[in-house]
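These numbers were taken from a predicted model, which means no experiment stands behind them.
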Amino acid sequence: MTKATPVLFYPKLIRKMIKKDEPGVYVLGNEQNGEFVPRYVGRSDYSLRKRLLTHNHLYEYDYVVFRTVSCSKEAFYTESKWWHDCNNNGYEIDNKIHPDAPSGTYIECPYCSFAKEMNNLLKRRKAS
């Protein structure tokens, strides 16, 4: 696993920094007043490099923050965390739909589950 690192979203840099067949997670964004502003959160369960090099937003965003991971489950959990973090911190990200679990799995988002559990606890507390 690599540390999340903001880099210019250039194909040459992507090829240099990411191995061919590593799953991973990314956030695309731009700089605004010296700050990174996230705009799109995504992942690849098989090849982060290929996903980024063929991304339909390749020349729309200036920066990418990425992290390679060991498996699709870790990719889903990290993408879900980053997606929730962006939304919970008021960023207007372009992909509004919650990340899907990896194909053929029934993994649930731990961040949605946490919120549901807390809401259920509050409802029970109010009812008693």
Side-chain angles (χ1 to χ4, degrees):
M1 179 174 77
T2 58
K3 183 177 180 182
T5 307
V7 296
L8 289 169
F9 191 28
Y10 294 155
K12 183 178 181 178
L13 291 174
I14 299 304
R15 283 187 199 95
K16 184 177 180 178
M17 298 182 78
I18 304 172
K19 294 178 186 173
K20 283 187 179 180
D21 296 318
E22 290 184 301
V25 183
Y26 62 92
V27 178
L28 304 176
N30 294 312
E31 180 185 348
Q32 191 173 51
N33 300 323
E35 304 253 335
F36 176 78
V37 178
R39 296 302 312 257
Y40 189 99
V41 180
R43 78 169 191 272
S44 173
D45 293 334
Y46 306 103
S47 177
L48 177 61
R49 180 184 190 183
K50 182 177 180 180
R51 173 70 175 125
L52 291 174
L53 290 174
T54 60
H55 206 286
N56 58 328
H57 294 294
L58 182 58
Y59 297 102
E60 186 176 336
Y61 300 110
D62 297 324
Y63 290 92
V64 58
V65 174
F66 68 89
R67 175 178 292 157
T68 57
V69 296
S70 61
C71 63
S72 61
K73 182 178 177 180
E74 185 180 357
F76 172 67
Y77 286 156
T78 303
E79 180 190 23
S80 294
K81 179 178 180 356
W82 288 3
W83 187 86
H84 280 279
D85 286 350
C86 287
N87 282 295
N88 292 339
N89 286 295
Y91 292 108
E92 291 284 328
I93 58 174
D94 293 335
N95 50 334
K96 308 282 186 220
I97 299 171
H98 191 284
D100 281 337
S103 182
T105 70
Y106 299 99
I107 302 170
E108 289 187 21
C109 173
Y111 308 100
C112 290
S113 298
F114 176 78
K116 288 177 192 173
E117 289 173 20
M118 293 303 109
N119 287 334
N120 286 337
L121 286 172
L122 286 173
K123 287 176 188 175
R124 278 190 238 140
R125 179 174 281 170
K126 288 180 182 179
S128 48

Whether D45 and R43 form a salt bridge (side-chain N of Lys/Arg under 4.0 Å from carboxylate O of Asp/Glu) is what I want to check.
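Looking at D45 together with R43, the answer is yes, because their closest N to O distance falls below 4.0 Å.
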Contact summary for [X] and [Y], nearest pair of heavy atoms:
X   : Y   : result
L58 : P11 : CD2-CG, 4.0 Å
L8  : L13 : O-CD1, 3.6 Å
H57 : L28 : CB-CD1, 4.1 Å
P38 : V27 : CB-CG1, 3.5 Å
E22 : T68 : OE1-CG2, 3.4 Å
N89 : D85 : ND2-O, 2.7 Å

H55-Y40 aromatic ring centre distance below 6.0 Å:
yes
Take a 6.0 Å sphere around [atom1] of [X] and say whether it holds more than 12 heavy atoms from other residues, nucleotides or ligands.
X    : atom1 : value
F36  : CZ    : yes
K20  : NZ    : no
E108 : CD    : no

If we only count heavy atoms from C-beta on, is the S72 to P23 side-chain gap below 4.5 Å?
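Of all side-chain heavy-atom pairs linking P23 with S72, none is under 4.5 Å.
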I'd like to check C109 versus F76 (side-chain heavy atoms, cut-off strictly below 4.5 Å). Are they in contact?
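Of all side-chain heavy-atom pairs linking F76 with C109, at least one is under 4.5 Å.
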Euclidean distance, [Y] [atom2] relative to [X] [atom1], rounded to 0.5 Å:
X   : Y   : atom1 : atom2 : result
E60 : D94 : CD    : CG    : 6.5 Å
Y46 : R51 : OH    : CZ    : 14.0 Å
L52 : F66 : CG    : CZ    : 8.0 Å
S47 : L53 : OG    : CG    : 8.0 Å
I14 : Y26 : CD1   : OH    : 11.0 Å

Would the distance check show the side chain of [X] and the main-chain N or O of [Y] forming a donor-acceptor pair, the cut-off being under 3.5 Å?
X   : Y   : answer
W83 : I93 : no
D62 : N30 : no
R39 : E92 : yes

Mind running side-chain contact (heavy atoms from CB on, under 4.5 Å) on K73 and T105 for me, showing each step along the way?
CA-CA 9 Å; K73 182 178 177 180; T105 70; over 6 Å; no
Within one Ile-Leu-Val-Met-Phe-Trp-Tyr cluster: Y91 and V65, side-chain cutoff 4.5 Å
yes
Is there a path of hydrophobic side-chain contacts, each under 4.5 Å between heavy atoms of I, L, V, M, F, W or Y residues, that connects M17 with Y61?
yes
Show, in sequence, the C-alpha distance, side-chain angles and deciding distance for R49 and R15, and conclude whether the side-chain contact (heavy atoms from CB on, under 4.5 Å) test is met.
CA-CA 7 Å; R49 180 184 190 183; R15 283 187 199 95; 3.3 Å; yes
